[in-house]
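Residue numbering restarts at 1 for every chain, and letters A, B, ... go by the order of the sequence lines.
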Amino acid sequence: MPNGSPGALATRFDPGAVEAEGWKRWNEARAFESEVDPDGSPRRGGHPEREPFTVVIPPPNITGRLHMGHALNNTIQDVLVRYRRMEGRDALWVPGTDHAGISTQTVVRKHLDSQGVDYRALGRDEFIARVWEWRERYGGVILEQLRKLGCSCDFRRTRFTMDDGLSRAVRTVFKALYDRDLIYRGKRVVNWCPVDRTALSDDEVETAPDGEPGHLWRIDYPLFDEPGKRLTVATTRPETLFGDVAVAVHPEDHRYRAFVGKQVLLPLTGRAIPVITDSAVDRNFGSGCLKITPAHDPHDFEIGQRHGLEPRNVMHEDATLNDAVPEPFRGLDRYRAREEAVAALDAAGLLQKVEPHRLPLGRAQRSGAPIEYRLSDQWFVRTRPLADRALRRSGWELGDEGWEKKSAGELRFHPARFEQLYARWLIGIRDWTISRQIWWGHRIPAWHHRETGEVLVGVNPPAAVQREPDAWRQDEDVLDTWFSSWLWPMSTLGWPDEHTPDLGRYYPTSVLSTDKGILFFWVARMNFAGIEMTGRLPYRDVYIHPTVLDERGAVMSKSKGNGVDPLAVIEGATLDELKRPVLEARPSNMGDLLRRVERNFPQGFEGVGADALRFTLVRLCSEGQEMRLALSKFHEIGRRFVTKLWNASRFALLAIEGVEESAPASAPQPEDRWITSRVAGCAQETRNALERFDFAAVGSLLYRFVWNDFCDWYVELAKARMRSAPESARRTAATLGLVLADTLALLHPVTPFVTEHLFGQLLPAMDRKGLWSETHPESALLARARFPAADAPRDPELETDFDALRRLVSGVRKLRADTGLPPDLPLPLAVKESPARPGFGALLTGCSGPVRAVARLESLSVLSKERPWSFGAASAGSNQVSIVDPAFEARTPLDGKLDPAAASARISTQLKRIRSQAAAARKRLDNRRFVERAEPAVVAEQRNRLEALSDQESRLLALAEQFTGRFENGAPRSSHEGA
RNA sequence: GGGCGAUUAACUCAGCGGGAGAGUGCUACCUUCACGCGGUAGAAGUCGCAGGUUCGAAUCCUGCAUCGCCCACCA
């Protein structure tokens, strides 16, 4: 320690050192291990009787790097977990990572590309081996980053979605759902990504809100019998014409009645196709004739099925045209083929018209490539029965009017409005495509007979397959990543083994905290799996955190280069490091972003540490759905606050070091009882806010308590007392230490590192001086200490009186400012309590010494109502200035030090304000209907208020008498009556 | 097209039926022995617009405007 004495705190807070020390102590104490080990035996010295509180982490991708959304979500989880652990629960936070099928395959493929290796040439097994290698090297980075953030996970239980156990869980569910007819295989038109060459679920496809620019081509299809007559179809995809099997018109469309049942000649092919009717056709779009391409459009597929039309697939997996098309077009990419087809149609005189047209173009979430619709054999989860069960668990019932909310349900969303969104999605749910034509993932546990086509499904290869391995082949496809994530709360705790100690004790989990972006992908599906496989929802509460936006309100994303890197916030970054994400993303507003960074952080950004990062996020985490962040906020909010806490703790520790060991402590003074009551109140309110998931309130309660109660008032009052008698100094130091200990505990869930460090200094310092009162902290480690009680006694009367005391001190300061007196001029002051607050005088007498110091008073006389005004040794001169307050009146003599004009202007301003307030109250009370209809308590309150204001007004008027020369009729000349 | 959310001081946001609030920024002053990453005092708002309900509306209802998010998609 640089400051010599053993208990002294470094002058400057060094987050890096404090964070390293924190982890060292927590690891040594195994502070974050649950009370019961995974094998079912109690933790050494643990408390297996404590009620479990379980959170499973939303598993980040192994390819992931910590971004601000992770930082926010994991801070919130850590706040909850640390709070519950301190509150006396057996807290378990299960960490882990997700194998992230397509995403990881893409990353590793690119990694291999950069080494000149073609992944397809490697073959499936070798490629998978390379992915595992990659995962060994880089897959744990994100968990290390979570540690930097301070996450109190039980890292013994770290899981990965491709672990043996979790893989068995996947196969078990697949088999069970297949047996229950909730998984089926079918030939369907699915979303297809031509880049990754795989099917995608509907949820993995994104469409720009206003569509994308394209064209609408009108093409003539000549009648087969009478080539002079033509039907004109309108299409945005002329290249799929080769797959057309019919032209459809609306059954009631009179224009085309004569064509129905005839055949048209499909251009460029010479193939004849029928003209059919289907009511799905919109008569008002284009010409009212729809070309039917069942293999390349989901709607056309449905129409084709209704009419028994055989689909014609005209594309390869990479969206080049296949051999089903005329020779000149074979092998062409779909967009090249489009140009060629249009040119050929034009040359043949069949192109009627081309017009610009915006169309809803689906793109693959991962690759960004426009989706192709592809007819293929895929596996699906039949979601309707699962969604129905989930809806019922949430208290929804299906009636004549459709689904309606009927009862509370078992699942609580925070904020509650997300239940509507969730239910709406469940009501409109469509089957889930779960097969993916990639290599990295859980291979589908189904075997196809090479000759008969029979399909067998098993957790392990079925007996028939084992008997004749050569006659069967395992399905080539793997499962959607979410098919393992949806089991996460169960599988991390040991499912499908029915009776693991973890599953029995820690499942269902308590709270799930997540981003609203994966409400459907993940949360809803976890509910399905939980209900279906265990009969229980996997958690009771779902907290949806706000979306992190940049300072201008845009969603933070890697591709926009506008993200704020949490590690830069914690550890700092040079200017070049701050610019790097922008340069990598190369967004359209790159120059602007770079200039902004250069202007705001020319010297780079000084790291503020994990605590400041966390405090800032918590402080800004309100119930809205957005959180606007700029790098500067972390200085403004988190770092300032942590520094303030550090310095206040320094003061307390210095005070404690300074007390004489032998001195007895005096009885608690009013200010001691006040701050003790305040910290008890802060504990209650903080607990309430945590129970409501109102994190912004938690941040603001703690901020206000530390800054405005503890630092601004208690510490300031304490300074004078530390210089007084040893008994008084000892009492003050004890109170400082006790209140600080509670404060650190209250703050620990939010700012774990700095509070752990400070508590580590405070505890021995208090021990050395014997300053703990009845109770000594049970734990030397704050992480395992008790959260301050919800029922500690409070003294509301004292708190109210103390507010008046604060107004008195502020009033004196304002009086000096108003009247141009130097701020350090000692004033004699006399105070009389008003009848409204009997007891205020006693409080003031009780802490007159410290009050005199903070208000810089020459003397402080507390007078009874009847006594004439007098000012200690000073003469009670005729002219006085006064502070008029509902709780008291305070006066100081003018004594020629003060400008009478300023004093009278002051009275004039105050009168004006009070009269306007009184007028408002009077107006209300004069309204007969208000008096009749408003709640009696409200009316009474207004009466009291008016009375207090009138009292103040008359006192001010009496005071103004002194300046009679400056007033007419008792009112200041410059003021206006009322308001 | 449907749904959800936001609109309050220059900025970021609380407040959600009875006196317009906080932090930042701004102005003036203060080297007070924890902290200038500080302290004290101050200026600053027709609470998006228009109706309605109510004794009373920033707060509840309706409509409109602007911004954001989600879902759907007529080829």
Side-chain angles (χ1 to χ4, degrees), chain A residues 9 11-13 202-203 207 209 211 216 233-237 240 248 280-287 289-293 297 299-300 357 359-362 415 417-418 420-421 424-425 428 516-517 519-520 547 549 551 553-555 606 608 612 619-620 622-630 632-633 635-637 639-655 696-697 700 703-704 707-708 711-712 715-716 718-719 722-723 810 813-818 822-824 853-854 856 917 920-921 924 927-935 937-939 941-942 945 949:
Chain A
L9 216 49
T11 320
R12 209 182 145 85
F13 168 53
D202 293 337
D203 306 284
T207 314
L216 192 64
V233 302
T235 180
T236 56
R237 301 210 53 199
T240 63
V281 178
D282 179 353
R283 277 174 281 181
N284 300 318
F285 187 89
S287 58
C289 299
L290 177 63
K291 71 192 219 26
I292 303 299
T293 323
D297 184 282
H299 288 104
D300 290 6
H357 178 72
L359 69 156
L361 182 66
R417 65 187 136 85
F418 283 105
Q420 286 293 333
L421 190 63
R424 216 175 284 278
W425 185 77
K516 63 173 164 288
L519 188 59
F520 307 143
T547 303
L549 306 180
E551 58 194 305
V555 177
E606 191 188 347
V608 299
R619 179 69 192 80
L620 295 177
S622 50
E623 278 234 339
Q625 46 186 34
E626 289 155 4
M627 178 190 294
R628 229 179 244 226
L629 271 183
S632 58
K633 287 279 174 195
H635 271 165
E636 215 173 87
I637 299 174
R639 180 224 217 174
R640 254 169 46 92
F641 178 73
V642 174
T643 305
K644 188 77 175 175
L645 176 72
W646 182 269
N647 283 309
S649 302
R650 271 191 76 212
F651 175 82
L653 285 164
L654 289 169
S700 119
Y703 184 100
R704 291 206 314 264
W707 212 294
N708 303 125
C711 293
D712 287 353
V715 166
E716 290 307 320
K719 284 176 182 172
M722 293 310 298
R723 283 181 245 117
S810 297
R813 290 170 181 154
K814 183 167 158 51
L815 184 149
R816 284 200 186 87
D818 284 351
D824 52 354
V854 295
R856 297 179 165 261
Q917 291 176 1
R924 239 172 245 160
N927 181 345
R928 210 177 65 240
R929 292 202 288 181
F930 170 73
V931 180
E932 283 166 7
R933 301 197 191 183
E935 284 175 41
V938 173
V939 178
E941 192 192 326
Q942 288 299 319
R945 183 170 150 70
L949 287 165

According to a 3.5 Å limit on both distances, what stems of 3 or more consecutive Watson-Crick or G-U pairs are formed with RNA chain B?
B:1-7 with B:65-71, B:10-13 with B:21-24, B:26-30 with B:38-42, B:48-52 with B:60-64
Minimum heavy-atom separation for A/A248 to A/V281, with atom names?
CB-CG2, 3.8 Å
With P as the reference atom in both, quote the distance from B/rG56 to B/rG18 in angstrom, rounded to an integer.
14 Å
Provide the distance between the two C1' atoms, one in B/rU7 and one in B/rA41, to the nearest whole Å.
33 Å
Over all strands shown, is [X] touching base, sugar-phosphate only, or nothing at heavy-atom distances under 4.0 angstrom?
X      : result
A/K644 : base
A/R704 : nothing
A/T293 : nothing
A/E935 : base
A/R856 : base
A/V715 : base

What is the separation between atom [atom1] on [X] and atom [atom2] on [N], rounded to the nearest whole Å?
X      : N      : atom1 : atom2 : value
A/R650 : B/rG38 : CZ    : C1'   : 13 Å
A/R813 : B/rG42 : CZ    : P     : 11 Å
A/E716 : B/rU40 : CD    : P     : 8 Å
A/D824 : B/rA41 : CG    : C1'   : 14 Å
A/F641 : B/rA22 : CZ    : P     : 18 Å
A/L629 : B/rG23 : CG    : C1'   : 15 Å

If you measure only the distance, is there a donor-acceptor pair under 3.5 Å linking the side chains of A/T643 and A/R639?
no
Please work out whether the ring planes of A/F520 and A/W425 are parallel, tilted or perpendicular, with thresholds of 30° and 60°.
parallel
Any [X] side-chain nitrogen or oxygen under 4.0 Å from OP1 or OP2 of [N]:
X      : N      : answer
A/R417 : B/rG3  : no
A/R639 : B/rC37 : no
A/K719 : B/rA34 : yes
A/S700 : B/rA22 : no
A/R640 : B/rG38 : yes

Can you check each nucleotide of nucleotides 69-75 of chain B against protein heavy atoms at under 4.0 Å and return B for base, S for sugar-phosphate only, - for none, in 5' to 3' order?
---BBBB
